[in-house]
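Have a look at the structure below before the remarks.
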Amino acid sequence: MLDLKYLRQNYQEVKEKLQHRGEDLTDLDHFEEWDQKRRQYIQESEELKARRNEVSKEISVLKKEKKDADHLIKEMREVGDRIKEIDEQLKSVEEKLNELLLSIPNIPHESTPIGESEDDNIEVRKWGDVRQFNFEEKPHWDVATDLGILDFERASKVTGSRFVFYKGIGARLERALINFMMDYQVDEHGYEEMMPPQIVNRDSLTGTGQLPKFAEDVFKLEDWDYFLIPTAEVPVTNYHRDEILTADDMPKKFAAYSANFRSEAGSAGRDTRGLIRQHQFNKIELVHLAIPEESYDTLEELTGHAEKILQLLKLPYRVMSMCTGDLGFTAAKKYDIEVWIPSNNTYREISSCSNFEDFQARRAGLRFRRDPNSKPEFVHTLNGSGLAVGRTVAAILENYQEADGSLTIPEVLRPYMGNRERIEPK
RNA sequence: GGAGAAGUACCCAAGUGGCUGAAGGGGCUCCCCUGCUAAGGGAGUAGGUCGUUAUGCGGCGCGAGGGUUCGAAUCCCUCCUUCUCCGCCA
């Protein structure tokens, strides 16, 4: 959410900057009208309320002195009716204004490249050497099925498409990755570990920006105003919602494991096979609450923390800076980390690291005080995957497959896998 | 799920319609006393937000949202949270 006053004072400039995002901004045309009406109603209503407060005191005095106050009471009855009328109009215009503010995307940071689509994203760096196979490499779902460690067919029976069973050593691999990633972020990068609720309410999803605009992307519980989390970003960022932190509390760094649930509305037919696009997947999420002037340094640090996991797993990747047209609703700047997937002959997103500046903080009421006497300011929020576990499994299956159908286990995972070095086909 | 109780400022807490636009404590800040410490004495201690071309004025605020009333922390309704007992349950 943008600041009302900022938007009022920089209306044209904001409008221009948002145009680079390629979003429909026709609602924005109402802003000036509604903003003005709102302030007009507030003024009228408050004048009458001030008058009512004053006269109510007079009435109280008169009554004590046993004097007649009927004419004042009658007048105040009319004033009260008028206040009610104005407040109703005020409420209606505030609702519209609020809805508008909630639907305006964040302003891209000046370092975000301007562009229309993913083709305009810019490669920032590349790490690792892509393996040259001396046999025909298989897609990860074939590797996994031949190893007997993933079962997509039965998951379809039990639930439906885009779900999977991890079996035996496959389940162990997934769990090893979760533990390895979490241990590393906590022990080496100083994150505080969190296990959040995986169901959240409407306010939380509004706080991080999934609602109201992207309701179709999340699963909602029937008969409840509760939703399955699409990412741990939602509960963890909302952890301090409507709080004022002290400077001593800052910055905050949380690492959270959770399952993630996404409806994948609108992506029918894409990545229908394998682990890349599931309705449910595991992820370690890194969340920062940063002091505003530090947040862009934090974004680099956070991205580095995610990259480190891929380096330790020896999986080749590249880092892309998302252009204005591919930025997402809430981010001011975003890096995607993409891992090499041999069967696709390309890099695929495995982590997304964003700085939202104060966009989420304003929605969620996340503030801090620099010192005990200063005014509260909005924090900057950031998050990034460290990493998406299912896609990491896919990358390992493809990059570590051997000609005989076996799989080499990345060295750093072996302590988590009973010191196994490989998985043999059934 | 059933029955009951409670939510007041940093904390505890008084308060059933109008000098409470929130008593009193504790804590915290400052001052006095004091060789130091302790004890004692005094003063201060809503914050936030919104409106207003404003070193000021005003609106809102007692869990949240409605309602009654000239006037609500106080009366009514709905909801949320916490606690106790019972039931059920991993």
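Keep in mind that what you see is a predicted model, and the values were worked out from it rather than measured.
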Separation between the C1' atoms of B:rC62 and B:rA23, rounded to whole Å:
14 Å
Decide if the gap between the ring center of A:Phe254 and the ring center of A:Tyr239 is smaller than 6.0 angstrom.
yes
Could you verify whether a donor N or O on one side chain and an acceptor N or O on the other, from A:Glu338 and A:Tyr317, lie under 3.5 Å apart?
no
Using the C1' atom as the point on both nucleotides, what is the distance between B:rC50 and B:rG2, in whole Å?
44 Å
Looking only at side-chain N and O atoms, does A:Ser406 offer a donor or acceptor that is under 3.5 Å from a partner on A:Arg422?
yes
Residue pair A:Ile244/A:Met76 against RNA chain B: nearer the 5' end by closest nucleotide is A:Ile244
Return yes if a side-chain donor-acceptor contact under 3.5 Å exists between A:Asp248 and A:Thr246, otherwise no.
no
If you count the non-hydrogen atoms of other residues, nucleotides and ligands that lie under 6.0 Å from CZ in A:Arg414, is the total more than 12?
yes
Do other residues, nucleotides or ligands put more than 12 heavy atoms under 6.0 Å from A:Glu411 CD?
no
Does CZ in A:Phe329 sit with more than 12 non-hydrogen atoms of other residues, nucleotides or ligands closer than 6.0 Å?
yes
Looking only at side-chain atoms of A:Arg369, point me to the closest of B:rG51, B:rG18, B:rG47.
B:rG47
Using the P atom as the point on both nucleotides, what is the distance between B:rG27 and B:rG35, in whole Å?
25 Å
Residues from residues 33-48 of chain A sitting under 4.0 Å of RNA chain B, heavy atoms only?
A:Arg38, A:Arg39, A:Ile42, A:Gln43, A:Glu46
Checking salt bridge (charged side-chain N to carboxylate O under 4.0 Å, His left out) for the pair A:Lys253/A:Glu301: CA distance, chi angles, key distance, verdict?
CA-CA 11 Å; A:Lys253 307 166 68 172; A:Glu301 182 190 321; 3.8 Å; yes
Has A:Lys84 got a side-chain N or O lying under 4.0 Å from the OP1 or OP2 atom of B:rG66?
no
Can you list the stems that include RNA chain B, where a stem is three or more consecutive Watson-Crick or G-U pairs with distances under 3.5 Å?
B:1-7 with B:80-86, B:10-12 with B:24-26, B:27-32 with B:40-45, B:48-52 with B:56-60, B:63-67 with B:75-79
Selected nucleotide, minimal atom distance to A:Leu4 side chain, candidates B:rG47, B:rG51, B:rC70
B:rG51
Is it the case that A:Asp142 and A:Thr145 place a side-chain donor and acceptor less than 3.5 Å from each other?
no
Taking it one step at a time, do A:His109 and A:Tyr296 satisfy ring pair (Phe, Tyr, Trp, His ring centres under 6.0 Å)?
CA-CA 10 Å; A:His109 187 248; A:Tyr296 279 94; 3.8 Å; yes
I want to verify the glycosidic state of B:rG61; is it syn or anti under the 90° rule?
syn
If you compare every side-chain N and O of A:Lys63 against the phosphate oxygens of B:rG71 (OP1, OP2), does one of them come in below 4.0 Å?
no
When we call it a touch if two heavy atoms are under 4.0 Å apart, what does A:Arg8 touch: a base, just sugar-phosphate, or nothing?
sugar-phosphate
Could you tell me whether A:Arg367 contacts a base, only the sugar-phosphate backbone, or nothing, with contacts defined as non-hydrogen atoms closer than 4.0 Å?
sugar-phosphate
Would you measure the distance from the P atom in B:rG63 across to the matching atom in B:rA9 and give it in whole Å?
7 Å
Quick one: which protein N/O atoms are closer than 3.5 Å to N/O atoms of nucleotides 20-23 of chain B? Pair and distance per line, please.
unit_1: B:rG21; atom_1: N1; unit_2: A:Asn53; atom_2: ND2; d: 3.3

